[in-house]
Amino acid sequence: MSDRWYQQAVVYCLDIDTFADSNGDGCGDIPGLIGRLDYLARLGVTCIWLNPIHPSPDRDDGYDVADFYNVDPRFGTLGDFAELLHQAGNRGIKVIIDLVVNHTSDKHPWFVSARSSPDSPYRDWYVWSETEPADRKQGMVFPGEQSETWSYDRTAKLWYYHRFYKFQPDLDIRNPEVRAEIKKICAFWLQLGVAGFRMDAVPFIIEETDPGNPDSPKDFDFLTELRQHVQWRRSDAVLLAEANVEPTQLVTYFGDEGGSGNRIHMLFDFLLNARMVLALAREDPEPIIDALRDTPKLPAGGQWATFLRNHDEIDLSRLTAEQRADVFAKFGPDPQMQLYGRGIRRRLAPMLGNDRRRLELAYALQFSLRGTPVLRYGEEIGMGDDLALEGRDAIRTPMQWSGLPNAGFSTAAPDQLVRPVVRDGDFGYDKVNVTRQRHDASSLLSWFERMIRTLREAPEVGTGSCSHVDVPAPRGLLVHRADDDTGTMLFLHNLGPREVTADLSSIGAEAELPNDVLADQEYPEPGKLADLPVAGYGYRWIRMRRTA
Ligand code: NOJ
C-alpha cells in the first residue's frame, strides 16, 4: 500500500462564501468554516478543496483574482486562514486551495499597470497583439457568455488574450518573471501550511499563445519546473490539475511518456465523469467499462480524482452527439437545465429524481472506482439547485444546515445573502438539511458517513488496480474489483431498475471469507459467489480477501 496521503484521501470541495456565515453579513467566512470542521471530520473528509479564496471583483465566483497573496476580506483575514489550517490539521484534515494562474482579474494591479503604459514592468506579463488576431472568435470556453478570446484594449491600443471571460486576461507563461511569480505564490501558501493546489485551467496555463494560431504549442516543462519547486518547499504537497483534454494527451500532464511522474500528481477524471453520467442515464454500465478499459496507465504516484458533481456544469462535450442527447433527455430535458450547449447545470439529487436508491448507487459507484473521490458540498445531504439563478450559480446556493431561517447558513436578512437559499419544493431547506439528517440513522448523510468509513477500510480502492470483472453479467450490472497487496474488494452495482442475479463462481476460489461490507440492503451470505442477487439500483461491496 502506498503511503501517499492523496491516494487515500476523501476530498470535499466547498466555496467559503456559501458554506457558513459566522458574522451575519450574508457571506460565508473562514470562522464559519472552522465552526463546521467537526461536521466534516465526522463525515470522514480528509482533505478540503477550497474554491478561490483571494480578493476578487467576483465576476467569476472568485476565479478572477485581484491579489494572490491575501484572502478575500469578506471571508476573513490571513490570520483566520492560518487558524483554519491549524484547526483542520488538529482533525487530521488537509486543505488545498485553488491556484488560478492562467489569468488574473482585469482589476489586478498587474493588468492595470500593464495596460496603462508600454513601459510598465508588467506589460509583458500578459499576451498582446498589435493587430486583430484571425482566431479572435475561436476557442471560447463559455459560448453564449463570451463572444471572443481576444479583446481590444483602448488604453493599451492593443488586443489582449483571454481564454475565459473578457475580464480575465491571460498571463504569459513564456515570461520568466511570470513563471517565477507563480512559484512564489505557491511557496507563500505552502509556507502557511496548505497541502497543495487544485490547479485551474492547466492546458491553458501552459499554452504559448501566438495570435492567429488557435492551436498554440504547450510548454509542459513548466509543469515539471513547478512540481520540482513545490516538492522542494513541501515534500508531500500535491498538485491536482483541471485538464479536460483529449484522452491521448492526459498522461503528458503526469510526466513524459514512459518516464517518471514528474509533473502533476492528480488529474480530475472528466472522461469518467461523463461516462458515469451516461451510464446512469442509460442504466447500462457499458460506458464505464469502456472508460476502465481505455484509461491510460499512469506513472507511479499518478492518481485520478473522480467526481460526479463539481462547481461547474457537467461537461458532456466529449460524448458523441447521440450519447449527449441521451443524457440531456434523461437528466436535463428542459433547455434551462443545460449550459453552453454541452452541459447540465443541476445537482445530482434533482437529476436522479431525488430517488434515494439511485443516489446511493451513483455515489457508491463513484467512490468504489479507481482514484480519489471528490465530493461537492451539499451532495451528502442531497441538496437541490435553483434554476432561477444564472448559469453555474444554479448549483452554488448556500449550504443547508438546518430548518432555521436561511437554512442556518446566515442570520442576515434573506435579501442580504450572497445567493438565495433553496426554500421551496422537495429540496427546500426545511426538508433537506444537515440537522434533520444527522438525527436520522437512515438518512443520506448517515449513509455517506457509513460509506466513507467503509472506503477507509478498503485502501486498495485508492491505491490498487481497478478492473472490470469480465464475466457474463446480467443486463445493467457492473462488476469490478480493486486489488493491491493489502487485499481485494469486489463491487457489484446494478444500474438497472430490476433485480438481477450474478454468478461469479469463476472467481469464487479467490475469496477467503467473502462478506458484504456495504450494500443497499441485507443480502444472503455471498458464499462461493455463485448466486449473488442485487436489487434494482442496488449495490454490494464484498470484501474478498485481506492480508493480515
Ligand atoms: C475552471 C473553473 O472550474 C471555472 O469555474 C472557472 O470559471 C474557469 N476555470 C476560469 O477560471
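Start at 1 and go down the list; that is how both ligands and their atoms are numbered. Just so you know, these numbers use all the heavy atoms, side chains as well, and skip hydrogens, waters and symmetry mates.
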**Study point:** Sub-4.0 Å atoms of ligand 1 with respect to non-hydrogen atoms of Arg392
**Key:** 4 (C), 5 (O), 6 (C), 7 (O)
Exercise for review: Would you mind telling me which of Gln338, Arg342, Arg345 makes a side chain to side chain donor-acceptor pair (under 3.5 Å) with Glu313?
Suggested key: Arg342
**Study point:** Geometric class of the Trp150/Tyr161 ring pair [parallel <30°, tilted 30-60°, perpendicular >60°]
**Key:** tilted
Study note, to complete from the structure: Per-atom filter on ligand 1: closer than 4.0 angstrom to a heavy atom of Glu242 are 1 (C), 3 (O)
**Study point:** Nearest neighbour in protein (non-hydrogen) for atom 5 (O) of ligand 1
**Key:** Asp312 OD1, 2.8 Å
Review point. Given that the side chain starts at C-beta and the backbone is N, CA, C, O, which of these parts of Arg198 lies under 4.0 Å from ligand 1, counting heavy atoms, or is it both or neither?
Key: side chain
Review point. Applying a 4.0 Å heavy-atom criterion (strictly less than), which segment of Phe268 is in contact with ligand 1: side chain, backbone, both, or neither?
Key: neither
Check your understanding: Less than 4.0 Å between a side-chain N and a carboxylate O, is that true for Arg174 and Asp210?
Key -> yes
Check your understanding: Identify the closest protein heavy atom to atom 11 (O) of ligand 1: which residue and atom is it, and at what distance?
Key -> Asp200 OD2, 2.7 Å
Review point. Sub-3.5 Å donor-acceptor pair from the side chain of Arg198 to the main-chain atoms of Asn51, do we have one?
Key: no
**Study point:** Heavy-atom gap His103 to ligand 1 smaller than 4.0 Å
**Key:** yes
Check your understanding: Got the closest protein heavy atom to atom 6 (C) of ligand 1, with its distance?
Key -> Asp60 OD2, 3.5 Å
Point to revise | Pair Arg392 + Asp60: basic N to acidic O under 4.0 Å | key: yes
Review point. Is the closest basic N to carboxylate O distance between Asp386 and Arg347 below 4.0 Å?
Key: no
Check your understanding: Roughly how far apart are Leu250 CG and Leu298 CG, rounded to 0.5 Å?
Key -> 8.5 Å
Review point. Which residue supplies the protein heavy atom nearest to atom 8 (C) of ligand 1, what is that atom called, and how far is it?
Key: Phe164 CE2, 3.8 Å
Practice item. Just jot down the ligand 1 atoms closer than 4.0 angstrom to any heavy atom of Phe142, in number order. Key: 7 (O)
